[in-house]
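Heads up, the thing below is written out as structure tokens.
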Amino acid sequence: MEGFVIEGGTPLTGRVRVQGAKNAALPILAATVLAAGTYEIHDVPQLTDIDAMCRILQSLGAKVERTGHRVTVDTIGLNQTHIPDELMSRIRSSIFLMGPLLARLGKVTISRPGGCAIGKRPINLHLKGLACLGVEVAEEGDIIACSAPELKGAEITLDFPSVGATENIMMAAVCATGETVITNAAREPEIVDLAAFLNKMGARVQGAGESTIVIQGVPKVQATNHSVMPDRIVAGTLIIAAGATGGEVELDNVVPEHLESVIESLRQTGLAIETAERGLRVQAERKLTGIPHIVTTPYPGFPTDMQPQMLALLTLCEGTSRVTEKIFDSRLKHVEELKKMGAEIRLEGDTVTVHGIRRLTGAHVCATDLRAGAALVIAALNAQGRSVVAGVEHIDRGYERLDEVIAQLGGQIHRVALKKQ
Ligand code: EPU
């Protein structure tokens, strides 16, 4: 087990490039299953979740080579339709392979992904959407076996704009006969990136980024190359880290439009954020003030993936703020950890009330999930004294060497081995 030892109080300053987006790279890697061929995917972040996706592709018969941030996937010999349970349990994104495997080989068997630290996370919308395309779904205990001799275009209305279900259905529909219309689709930028990749393969996907996506089925698609979009959540995390330490940071490889709701909230606190040559510049020039109420909602609303980090910042903003988590049913475990650092913070149901204090105090805390971990790092960078953030394996799922990025900006952070408790 590893942890970060952080000595708080140094303002982050300098310039860094933001990594490619985990949540775009994962479905794009899954989509390489669609057509037999060799793909080159660039700007793929080096993360344990990406390692797991590559291992799944290999277990299905693909060849995967990684050089730095370039991943070459050869799916010519891919012939397996069962995703091993051990890999299935490692990353939930393994369900992204359902759509592409059904499109290419007509069947797929998976074990049901369980709940996780941030909530129950069922896959009913994925299964319902695939069933509309003609997929037969047989569930026996935790095993889900799907088959589809032929996929047929359909009109699918999602009960909730699920990111994963939208992506899975899009990938399954690419080579279905006729037209598929997804209504109440998720609008996240990662869906736009996946659509761009699919269209480069020869698919006909229109409307990605809007609530209605139309996919005209094509008989065949072929392998292509692609560069993954910048990670908007990593960018947001670094902006907040700069803010919480009273620093000044420039970020390259950012699409400011992807962060509109986050930037709007951060400007409300008093952080100065401007567009820069290749991204954004952030400066904490004055005392920050709280925000009456932030509610997480699907894109373009305030992202759930930024809620823990925002909460960490609000513990330091003058006045009272409230944050409500509406996307996941159990994504507020960091509240207890922030309390250990002296935060004046109270959780009631899905809403957190925060009274800003001047400075947090170093403590031993534990990351319960990826974004909670990022929030604790931010808090520790502000705190007086030394903190130890355990559970770094969660952080490594989504942030590429976060400790090195922060150290590059002058933060006092070290990765250490921790004894198992
Ligand atoms: N939901 C259902 N049924 C389904 C699918 C989803 O009820 O079939 C519910 C979920 O339980 C949740 C809500 O719908 O309450 C939103 O889930 P969604 O499907 O949109 O999320 P996801 O596809 O599982 C992706 C990201 C998450 C991010 C969410 C929301 C990837 C690989 N993961 O998950 O990223 O929080 O969208 O934006 O794209 C992270 O990076 O830290 C992370 C958790």
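Everything quoted here is computed from the prediction, not taken from an experiment. Ligands are counted one by one from 1 in listed order, and the atoms in each one are counted from 1 as well.
- Arg267 meets the side chain to side chain contact (heavy atoms under 4.5 Å, CB included) test with Ile263, Ile273; sequence neighbours excluded.
- Here CG of Asp85 is found 5.0 Å from CD1 of Ile143. Values are rounded to the nearest 0.5 Å.
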Which atom pairs, one a donor and one an acceptor, fall under 3.5 Å between side chains of residues 184-197 and the rest of the protein, sequence neighbours left out?
{"residue": "Asn184", "atom": "ND2", "partner": "Leu158", "partner atom": "O", "Å": "2.8"}
{"residue": "Arg187", "atom": "NE", "partner": "Gly209", "partner atom": "O", "Å": "3.1"}
{"residue": "Glu188", "atom": "OE2", "partner": "Tyr299", "partner atom": "N", "Å": "3.2"}
{"residue": "Glu190", "atom": "OE1", "partner": "Arg232", "partner atom": "NE", "Å": "3.3"}
{"residue": "Glu190", "atom": "OE1", "partner": "Arg232", "partner atom": "NH2", "Å": "3.0"}
{"residue": "Glu190", "atom": "OE2", "partner": "Arg232", "partner atom": "NE", "Å": "2.8"}
{"residue": "Asp193", "atom": "OD1", "partner": "His226", "partner atom": "NE2", "Å": "3.1"}
{"residue": "Asp193", "atom": "OD2", "partner": "Met229", "partner atom": "N", "Å": "3.0"}

Enumerate, one pair per line, all nitrogen or oxygen atoms of ligand 1 lying under 3.5 Å from a protein nitrogen or oxygen, stating the separation to 0.1 Å; write 'none' if no such pair exists.
{"residue": "ligand 1", "atom": "3 (N)", "partner": "Pro122", "partner atom": "O", "Å": "3.3"}
{"residue": "ligand 1", "atom": "3 (N)", "partner": "Asn124", "partner atom": "OD1", "Å": "2.7"}
{"residue": "ligand 1", "atom": "8 (O)", "partner": "Pro122", "partner atom": "O", "Å": "3.3"}
{"residue": "ligand 1", "atom": "8 (O)", "partner": "Asn124", "partner atom": "N", "Å": "3.2"}
{"residue": "ligand 1", "atom": "8 (O)", "partner": "Asn124", "partner atom": "OD1", "Å": "3.3"}
{"residue": "ligand 1", "atom": "8 (O)", "partner": "Leu125", "partner atom": "N", "Å": "2.7"}
{"residue": "ligand 1", "atom": "15 (O)", "partner": "Ile327", "partner atom": "O", "Å": "2.5"}
{"residue": "ligand 1", "atom": "19 (O)", "partner": "Ser162", "partner atom": "OG", "Å": "2.6"}
{"residue": "ligand 1", "atom": "20 (O)", "partner": "Val163", "partner atom": "N", "Å": "2.8"}
{"residue": "ligand 1", "atom": "23 (O)", "partner": "Gly164", "partner atom": "N", "Å": "2.8"}
{"residue": "ligand 1", "atom": "24 (O)", "partner": "Arg121", "partner atom": "NH2", "Å": "2.9"}
{"residue": "ligand 1", "atom": "34 (O)", "partner": "Arg121", "partner atom": "NH2", "Å": "3.4"}
{"residue": "ligand 1", "atom": "35 (O)", "partner": "Asn23", "partner atom": "ND2", "Å": "3.2"}
{"residue": "ligand 1", "atom": "35 (O)", "partner": "Asp305", "partner atom": "OD2", "Å": "3.2"}
{"residue": "ligand 1", "atom": "36 (O)", "partner": "Asp305", "partner atom": "OD1", "Å": "2.5"}
{"residue": "ligand 1", "atom": "36 (O)", "partner": "Asp305", "partner atom": "OD2", "Å": "3.4"}
{"residue": "ligand 1", "atom": "41 (O)", "partner": "Lys22", "partner atom": "NZ", "Å": "3.0"}
{"residue": "ligand 1", "atom": "41 (O)", "partner": "Asn23", "partner atom": "ND2", "Å": "3.1"}
{"residue": "ligand 1", "atom": "41 (O)", "partner": "Arg371", "partner atom": "NH2", "Å": "2.7"}
{"residue": "ligand 1", "atom": "42 (O)", "partner": "Arg331", "partner atom": "NH2", "Å": "3.1"}
{"residue": "ligand 1", "atom": "42 (O)", "partner": "Arg371", "partner atom": "NE", "Å": "2.9"}

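- Under 3.5 Å, the side chains of Glu136 and Ser147 contain no donor-acceptor pair of N or O atoms.
- There is a side-chain donor-acceptor pair under 3.5 Å between His293 and Thr324.
- The salt bridge (Lys or Arg N to Asp or Glu O under 4.0 Å) contacts involving residues 391-415 comprise Glu2-Arg415, Asp49-Arg397, Asp396-Arg415, Arg401-Glu404, Asp403-Arg415, where partners must be two or more places apart or lie in separate chains.
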